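In what follows, every heavy atom counts, from backbone to side chain, and hydrogens, waters and symmetry copies are set aside. This chain uses plain numbering: 1 for the first residue, then up along the sequence. If you're wondering where the values come from, they're calculated on a predicted model, not measured in any experiment.
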Amino acid sequence: MNLFRNVGRFAPWGLVGAAALSLAACEDLGSGSQRALSPIPPETLALMEQAGVTKESPTLIRSYKKEAEFQIWKQRPDGRYAYLKTFPMCRWSGQLGPKVREGDRQAPEGFYSITPGQMNPNSAYYLSFNVGYPNAYDRAYGHSGGSIMVHGACSSAGCFSMTDRQIAEIYAILRTSFNNGQRSIQMQSYPFKMTAENLAKHRLDPNIGFWKQLKEGSDHFEVAGKEPSVGVCNRRYVFDATSANGQPLDASAACPPLRRNAEIEAQVAQKAAADDAKVAELAAAGLRPVRVVYQDGGQHPDFHARIAEVSRPEALVAPIEIALDEKTGKSRSPVIAMSAAMSAAKAKKETEFKVAAHEATIVKQVEAAPPAEPAKAGAFAVATDSIGGLLGLAKGPPAAPAVQSEPVAKTEPIKASAKTEVSSIKADASKTEATKAGKAVSVKPAVIATAVVAKSSGAKPAATSSQAPASLPSHRAADPAKKPQASLGAERRAKVAAAMGGASGLREALPPVPARP
C-alpha cells in the first residue's frame, strides 16, 4: 500500500508526457518550471481548518458557466463534502449548452473525471489540467473534440480560463490530493446553478432535457453530501446506481436492472418535486421563458474592469435574453436579435459621445473667451494711478475707474500684474535718476502705462499711430452722438494731468491720443 501511495505521488509527473502529446484545442506545450510545485496559500489552509478538512483530503469541483464560478469542495472525515471556496472564472467561451463538436468553442457540460495523468505542469498557459472531455455520455452521442482544459492566462477557446494566480492555487490543491492517494477528482460542469428560478427561465430551451439530467446528479450530491457515482446507459446519466445482475453499463445500450439507495432516492425525489412546484409557481406568476444568447461566452463580474487581462474582450458583451412563446417555444432568429441589440448599443454609445463632445466644446469656448471690456478699462485706470504714485506726483488718492461692471475678484490678477510691472519700472527709474541727477526724467508716463496695461492684458501695442486700439468697438467712430476725437483727447489729457498733480513738465510730455480711422 505504501509503495502504491508513493507511486501515486509521482504519477502526475511521470504520466504527464503521454497526456501532453494529445493537447490541441486550447493547449500547447510550454517549458517546464517550478510553478507546479507552488504550495497552497496560507489563507486557503486557514479556510480548510475552519471547514474541518485537511489539504490531503479528497477534492471535488463544481463549475457554473452562467455565473462564471469555479468551486472547490473538500471531503470531511465522515465522507461528506464541505464547501471550501469559489474562484471567479476569468473567461469561458461559447454558449450555454453541451459541447458537440471540435471547434465549436463550447466549454463542455456534464460529469467528468480528472486523473493525475491529465495534469500538465508544462502548459504554455501557466498551468493546466484536462477535464476529461469527451466522457461516455459525449461519446454515445458522437460528440467530437478534446483537450478541454482548466488553465491560466485568461484566454479561452472552449476551455475554463482562470488567472495565473488562480490556476496555481487550484493546481496545488489537486496535486496535494493526488499525492495523498486520490485516484480521480470529479468535476461537475453545469450551465448555471440548478435553482428553480433558472430552470423556470430556461424551461423551453432546447437543452432543458439534458439539463434536467445534470440537475438529478446535482440533487444527489446536495442531498447526500457525497460524491455521486456516475454511469451512462441508454444514452442517459444515472447516479448512485449499480447493475443488479452484474452486467456492466453500456452508454449506448438499454440500462440493465439497477440497484439504488432507497433513502437517497426518496430524498432526491422529494427535492425534485419541490423544485418543480416552484418552477410552476414562477411560470404562473408571469416569469417568461427565455433563451440566453452570448456573443462568445462570458466572465465573472470581478473581471469587468480588467479588460487587458482577458482574451477577445470585444466579445464580452452582455448576453441577450430572447423571450420564447409559451405555446410554440419559438422565437425570432437569435442572429437577428443579437444584431438588433448590438446596433442599439452602438447607437446609444454614439449619442453619448456626441453629447459629451458638444459639452466639452462649450466649456472650452467659455474658458477661452477674452475678459470683458470694462475689466480692461478698470485695469488701465489702476495702472495709470499707480504710476502717478510711483513717480511721487499724485497729491491725493487715485481716482476710481470710470466703469467697473466686472466683479472685483476678476480684476485682481490684472492689478497684481500691473503692480509687479510698476515695481520693475521703479527700479529702472531709480537707476536713471542716480546717473542723470538734476535732469528731467526721460521715461514718459503715458508710454509706461500703455506697456503695463498691454502686458497685463496679453494684448500687443499698436504698430502705428493711425491704428485703432483693438479693444475699442469699431462703431464708436461713426456714432454721431459721441463727442469729436479732439474733445475726447483733451478730456483724457486733462484727467491724466489732474492725476499727475499738476506737474507741467510731465503733462507736456504726454503724447496726443491717436485719432481713430
Side-chain angles (χ1 to χ4, degrees), residues 5 8-13 16 27 30-65 67-77 80-92 112 114-131 149-156 159-189 227 299-306 308-311:
R5 176 164 295 185
R9 291 183 178 183
F10 293 99
W13 328 125
V16 71
E27 181 71 12
S31 58
S33 67
Q34 296 298 312
R35 300 168 182 167
L37 301 178
S38 298
I40 299 174
E43 56 270 22
T44 302
L45 293 176
L47 290 176
M48 292 180 181
E49 184 176 357
Q50 295 174 10
V53 300
T54 65
K55 63 180 181 179
E56 295 84 8
S57 61
T59 301
L60 183 141
I61 299 170
R62 308 184 89 192
S63 66
Y64 304 94
K65 288 160 70 172
E67 292 83 5
E69 292 183 1
F70 194 90
Q71 296 181 354
I72 298 294
W73 293 66
K74 297 287 284 184
Q75 190 181 61
R76 287 202 285 253
R80 296 175 65 88
Y81 276 82
Y83 166 78
L84 182 64
K85 68 181 301 184
T86 294
F87 292 89
M89 205 178 297
C90 190
R91 190 77 164 87
W92 63 270
Y112 297 93
I114 303 164
T115 63
Q118 294 165 221
M119 305 288 284
N120 182 16
N122 297 319
S123 172
Y125 294 96
Y126 199 82
L127 291 169
S128 67
F129 55 88
N130 193 312
V131 303
M149 306 286 167
V150 177
H151 61 66
C154 199
S155 174
S156 177
C159 297
F160 301 91
S161 181
M162 319 299 293
T163 65
D164 292 349
R165 182 175 180 179
Q166 287 175 329
I167 192 61
E169 181 175 346
I170 296 169
Y171 198 98
I173 293 172
L174 272 60
R175 182 200 68 222
T176 305
S177 294
F178 284 138
N179 287 347
N180 196 54
Q182 186 174 1
R183 296 188 179 185
S184 65
I185 294 175
Q186 185 177 98
M187 178 172 172
Q188 304 174 6
S189 178
E227 176 184 324
Q299 66 175 172
H300 193 275
D302 284 0
F303 295 96
H304 286 179
R306 299 161 63 176
E309 301 179 33
V310 186
S311 67

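- Side-chain contact between Leu84 and Trp73 is absent, with no heavy atoms from C-beta onward closer than 4.5 Å.
- Listed for the Arg175 side chain is no donor-acceptor partner under 3.5 Å among the backbone atoms of Pro39.
- One N or O on the side chain of Gln166 and one on the backbone of Pro88 form a donor-acceptor pair closer than 3.5 Å.
- Here Gln118 contributes atom CD and Met149 contributes atom CE; the two are 8.5 Å apart, rounded to the nearest 0.5 Å.
- No more than 12 heavy atoms of other residues, nucleotides or ligands lie within 6.0 Å of NZ in Lys55, so this atom counts as exposed by the packing criterion.
- Ser189 has its side chain out of reach of Tyr64: every pair of non-hydrogen atoms, C-beta onward, lies at least 4.5 Å apart.
- Contact check for His151 versus Cys159: side-chain heavy atoms found under the 4.5 Å cut-off.
- Closest approach of Val131 and Tyr112 over heavy atoms only: O-CB, 3.0 Å.
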Test side-chain contact (heavy atoms from CB on, under 4.5 Å) applied to Leu174 and Ile61, step by step: CA-CA 10 Å; Leu174 272 60; Ile61 299 170; 4.2 Å; yes
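- A donor-acceptor pair is defined here as one N or O able to donate and one able to accept, closer than 3.5 Å; such a pair exists between the side chain of Gln182 and the backbone of Ser184.
- A cation-pi arrangement is not found for Arg91 relative to Phe303, the charged atom failing to lie both closer than 6.0 Å to the ring centre and inside a 45° cone about the ring normal.
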Stepwise side-chain contact (heavy atoms from CB on, under 4.5 Å) test for Ile185 and Phe178: CA-CA 9 Å; Ile185 294 175; Phe178 284 138; 3.7 Å; yes
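- Between Lys74 and Thr54, the side chains place no donor N or O within less than 3.5 Å of an acceptor N or O (distance only, hydrogens not considered).
- Remark: side-chain polar atoms of Asn120 are not paired, donor with acceptor, to backbone N or O of Phe129 under 3.5 angstrom.
- Judged by distance alone, the side chain of Ser177 and the main-chain N or O of Ser57 form a donor-acceptor pair under 3.5 Å.
- Of all the heavy atoms in Val53 and Ala82, the pair that sits closest is CG1-CB, 4.5 Å.
- Side chains of Ser63 and Gln71: a donor-acceptor N/O pair is absent below 3.5 angstrom, by distance only.
- Judged purely by atom type and a 3.5 angstrom limit, Thr176 uses its side chain to pair as donor or acceptor with the backbone of Ala172.
- You'll find the side chain of Arg76 stays beyond 4.5 Å of the side chain of Tyr81, heavy atoms only.
- You'll find the ring centres of Trp92 and Phe160 outside the 6.0 Å limit.
- Atom CD of Glu69 sits about 11.0 Å away from atom CZ of Arg62, to the nearest 0.5 Å.
- The two residues Ala153 and Ser161 make their nearest non-hydrogen contact at C-OG, 4.2 Å.
- Interatomic distance, Asp164 CG to Cys90 SG, rounded to the nearest 0.5 Å: 9.5 Å.
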Evaluation steps, side-chain contact (heavy atoms from CB on, under 4.5 Å), between Gln188 and Leu60: CA-CA 8 Å; Gln188 304 174 6; Leu60 183 141; 3.9 Å; yes
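- Nearest heavy-atom pair across Ile114 and Met119 is CG2-SD, 4.5 Å.
- The minimum heavy-atom distance between Ala168 and Tyr126, with the atom names listed, is CB-CE2, 4.0 Å.
- The shortest side-chain heavy-atom distance between Thr44 and Met48 falls under the 4.5 Å cut-off.
- Between Met89 and Met162, the closest side-chain pair of non-hydrogen atoms falls below 4.5 Å.
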side-chain contact (heavy atoms from CB on, under 4.5 Å) evaluation trace for Ile170 with Phe70: CA-CA 10 Å; Ile170 296 169; Phe70 194 90; 3.8 Å; yes
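- Note: Leu37 CG to Arg35 CZ = 12.0 Å, rounded to the nearest 0.5 Å.
- The structure places CD1 of Ile40 at 11.0 Å from CG of Leu47, a figure rounded to the nearest 0.5 Å.
- Judged by distance alone, with hydrogens and angles left aside, the side-chain atoms of Glu56 form no donor-acceptor pair with the main-chain N or O of Asn180 at under 3.5 Å.
- The pair Lys85-Glu169 meets the salt-bridge criterion, with a side-chain N (NZ, NE, NH1 or NH2) lying under 4.0 Å from an Asp/Glu carboxylate O.
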